[in-house]
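For reference, the structure discussed in these notes is given below.
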Amino acid sequence: MTPPQRTGRARRIGVLVAALLSLGAAATPSSPAAAAEEPAPAASAMPFAPYFYNGWGDPPDPLAVMEATGVRHFTLAFILSNGYCDPQWDGARPLTGGADEQLISQIRAAGGDVVPSFGGWSGNKLESSCATAEELAAAYQAVIDAYGLTAIDIDLEAEAYDDPATQQRTVDALAAVKAANPGLEVYVTIGSYQSGPDTSLIDRAAAAGLTVDAWTIMPFNFGGTGQDMGQLTITAAEGLNAALRSAYGYTQQEAYQVMGISSMNGLTDVGETVTVADFETILGYAQQNGLARLAFWSVNRDRNCTGGSSASCSGVSQSDWEYTRVFAQFTG
């Protein structure tokens, strides 16, 4: 007798293959508005999930952070490729049987859940390593199945974002994964300028008929040194809103409902300072407009230090987990 889990996996793989085969034959929406005719997305099950990196920055005890702040969900960094299209944590640690699986079990046992993030700035990315959309979708599916996931984050940056072929491969793979996993929440995280993000991936997704649960921008490292990073974040987010309206034909409010912001706490890589007050400004904007998602980089850094940031502290004077406490108020 076939075990139920294997039967379910085989069924999902069958749907995945069928979805990929249909990509070439699927009709492209005749206008941007065609993609926007789908029902409005439901509220995110994990509206706030800050990044937690288990392989970097003296990882804190997530259970202690949960107890101190009320946060229940974490975006776990990063799933990369170990060689050719082989998904592993940091491209080096196996999906199951190790500390990462144990971490997920601990968070869930405490009433929380996780969003594994694929990609990031550096490392061997699956989106580039996998040669076809079929292979990339299968890699995503392997991680989804390993943990019984309800949400994933695709953090497409650097050379992976800059390559049109990689962008298209990612779009096609995500379309197949969404078809094979009804109810799975898919977040796509991309960089931003002060005026908003580059629109190439958004336009490519809209042209293919792919909708996601949150297009999330990272409004930092964009030259805001000495400026009001809270207000600059709002400006960038309004640029994202305009890009989604243009690509999908959304109304302003419909665009807000599929938007996210992932900030950086304290000193950024280029010397910007994102303060706790900036987080409060971002929180107010997100609550007022009904955004789908908030995150930030990272819980590992949400600790006190002065004289320069590091992997394990923010570079500003703060109480431990102060930034997390602010965004933990977000209800989506």
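When all heavy atoms of Leu184 and Thr150 are compared, the pair lying nearest together is CD1-C, 3.5 Å. When every heavy atom of Arg93 is checked against every heavy atom of Gln88, the shortest pair comes out as O-CB, 3.2 Å. Closest approach of Ala255 to Asn241, counting heavy atoms only: CB-ND2, 3.4 Å. Considering every non-hydrogen atom in both Tyr51 and Ser298, the closest pair reads O-CB, 3.4 Å. Here the closest heavy-atom approach between residue Val71 and residue Ala328 is recorded as N-CB, 4.3 Å. Listed here is the closest heavy atom pair of Ser192 and Pro197: OG-N, 3.6 Å.
Once rounded to the nearest 0.5 Å, the distance linking CE of Met259 with CD of Glu254 reads 13.5 Å. Atoms SG and CG, from Cys313 and Asn304 in turn, are 7.5 Å apart once rounded to the nearest 0.5 Å. Atom-to-atom distance recorded for Phe48:CZ and Phe74:CZ is 8.5 Å, nearest 0.5 angstrom. Rounding to the nearest 0.5 angstrom, the gap separating the CD1 atom in Ile282 from the CG atom in Leu291 is 10.5 Å. Here the CD1-CD distance, from Ile234 to Gln288, works out to 8.5 Å after rounding to the nearest 0.5 Å. Atoms OG and CD, from Ser200 and Gln168 in turn, are 11.0 Å apart once rounded to the nearest 0.5 Å.
At a threshold of 4.5 Å between non-hydrogen side-chain atoms, the residues Asn265 and Glu322 do not count as touching. At a threshold of 4.5 Å between non-hydrogen side-chain atoms, the residues Glu101 and Leu95 do not count as touching. Arg245 places none of its side-chain heavy atoms less than 4.5 Å from the side chain of Thr251. Using a 4.5 Å heavy-atom threshold, the side chains of Val188 and Leu174 count as touching. Counting heavy atoms from C-beta outward, Thr216 and Ile261 have side chains that stay 4.5 Å or more apart. Contact annotation: the side chain of Arg325 approaches that of Ser319 to within less than 4.5 Å [non-hydrogen atoms, C-beta and beyond]. Residues Met229 and Pro219 are not in side-chain contact: their nearest non-hydrogen atoms beyond the backbone lie 4.5 Å or more apart. Here the side chains of Asp155 and Ile190 are not in contact, with every heavy-atom distance at 4.5 Å or above.
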Checklist entry - Passes side chain to side chain contact (heavy atoms under 4.5 Å, CB included), Val274 versus Thr268? Steps please. => result CA-CA 7 Å; Val274 184; Thr268 72; 4.0 Å; yes

Checklist entry - What's the verdict on side chain to side chain contact (heavy atoms under 4.5 Å, CB included) for His73 and Val114, showing C-alpha distance, side-chain angles and the deciding distance? => result CA-CA 5 Å; His73 311 116; Val114 301; over 6 Å; no

Next on the checklist: Applying ring pair (Phe, Tyr, Trp, His ring centres under 6.0 Å) to Phe222 and Tyr193, what does each step give before you reach the verdict?
Outcome noted: CA-CA 6 Å; Phe222 58 11; Tyr193 304 107; 8.7 Å; no

Checklist entry - Are Tyr250 and Tyr256 close enough, and set up right, to give a ring pair (Phe, Tyr, Trp, His ring centres under 6.0 Å), and what steps lead you there? => result CA-CA 9 Å; Tyr250 291 148; Tyr256 283 136; over 10 Å; no

Checklist entry - What do the steps show when you test Leu103 against Leu76 for side chain to side chain contact (heavy atoms under 4.5 Å, CB included), and what is the final call? => result CA-CA 10 Å; Leu103 175 74; Leu76 299 185; 4.2 Å; yes

Next on the checklist: Would Met264 and Glu272 count as a side chain to side chain contact (heavy atoms under 4.5 Å, CB included) here? Give the steps.
Outcome noted: CA-CA 10 Å; Met264 185 172 182; Glu272 301 153 335; over 6 Å; no

Next on the checklist: Go through it in stages, so that I can follow the logic: the residues are Tyr187 and Ser44, the test is side chain to side chain donor-acceptor pair (under 3.5 Å), and I'd like the CA-CA distance, side-chain angles, deciding distance and then a yes or no.
Outcome noted: CA-CA 10 Å; Tyr187 312 137; Ser44 172; 2.9 Å; yes

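Between Arg108 and Asp113, at least one side-chain nitrogen of the basic residue sits less than 4.0 Å from a carboxylate oxygen of the acidic one, meeting the salt-bridge criterion. Ion pair Asp153/Arg293 flagged as a salt bridge, since at least one NZ, NE, NH1 or NH2 atom sits closer than 4.0 Å to an Asp/Glu carboxylate oxygen. No salt bridge links Arg169 with Glu135; every basic N to acidic carboxylate O contact stays at or beyond 4.0 Å.
Phe118 and Trp121 are not part of a single hydrophobic cluster, where members link through side-chain heavy atoms under 4.5 Å apart. In terms of hydrophobic clustering, with Ile, Leu, Val, Met, Phe, Trp and Tyr side chains grouped at heavy-atom distances under 4.5 Å, Phe220 and Phe296 are assigned to a common cluster. Met46 and Ile107 fall into different hydrophobic clusters, where Ile, Leu, Val, Met, Phe, Trp and Tyr are joined by side-chain heavy atoms under 4.5 Å apart, directly or via other members. In this structure, Ile104 is not a member of the same hydrophobic cluster as Val115, with clusters built from ILVMFWY side-chain heavy atoms closer than 4.5 Å.
Using a 3.5 Å distance cut-off with no hydrogens or angles, the side chains of Asp278 and Thr275 do pair a donor with an acceptor. Defined by atom type and a distance below 3.5 Å, a donor-acceptor pair is present between the side-chain atoms of Gln141 and Asn181. Residues Ser312 and Asn300 have side chains that never bring a donor and an acceptor to within less than 3.5 angstrom of each other. Judged by distance alone, the side chains of Gln167 and Asp163 never bring a donor and an acceptor atom under 3.5 Å apart. Side chains of Asp198 and Tyr161: a donor-acceptor N/O pair is present below 3.5 angstrom, by distance only. Using a 3.5 Å distance cut-off with no hydrogens or angles, the side chains of Glu280 and Tyr285 do not pair a donor with an acceptor.
Ring orientation note: the planes of Trp56 and Trp297 are tilted relative to one another, at an angle of 30° to 60°. Ring geometry for Tyr53 versus Phe78: interplanar angle over 60°, hence perpendicular rather than tilted (30 to 60°). The aromatic rings of Trp215 and Tyr248 sit tilted relative to each other, their planes meeting at an angle between 30° and 60°. Ring geometry for Tyr147 against Trp89 counts as tilted: the plane angle lies between 30° and 60°, on a 0 to 90° scale.
Tested against Pro50 for a side-chain contact (heavy atoms from CB on, under 4.5 Å), the candidates Val299, Leu294, Asp302 yield a single pass: Val299. Checked options Ile79, Thr75, Val143, Ile144; the residue passing with Ile152 is Ile144 (criterion: side-chain contact (heavy atoms from CB on, under 4.5 Å)).
With hydrogens and angles ignored, the 3.5 Å screen pairs a side-chain donor or acceptor of Gln194 with a backbone N or O of Gly223. Within the 3.5 Å criterion, the main-chain N or O of Val65 finds a donor-acceptor partner in the side chain of Thr69. A donor-acceptor pair is defined here as one N or O able to donate and one able to accept, closer than 3.5 Å; no such pair exists between the side chain of Thr281 and the backbone of Gly230. When atom types are taken as modelled, the side chain of Glu185 and the backbone of Ala45 share a donor-acceptor pair closer than 3.5 angstrom. Arg301 places no side-chain N or O within donor-acceptor distance of the main-chain N or O of Gly315, the cut-off being under 3.5 Å. Side-chain atoms of Asn124 come within 3.5 Å of backbone atoms of Gly83 as a donor-acceptor pair (strictly under, hydrogens ignored). The backbone N or O of Ser81 lies less than 3.5 Å from no partner atom in the side chain of Asp86, so there is not a single donor-acceptor pair. With hydrogens and angles ignored, the 3.5 Å screen pairs a side-chain donor or acceptor of Thr170 with a backbone N or O of Thr166.
Within 6.0 Å of CD on Glu67 lie no more than 12 heavy atoms contributed by other residues, nucleotides or ligands.
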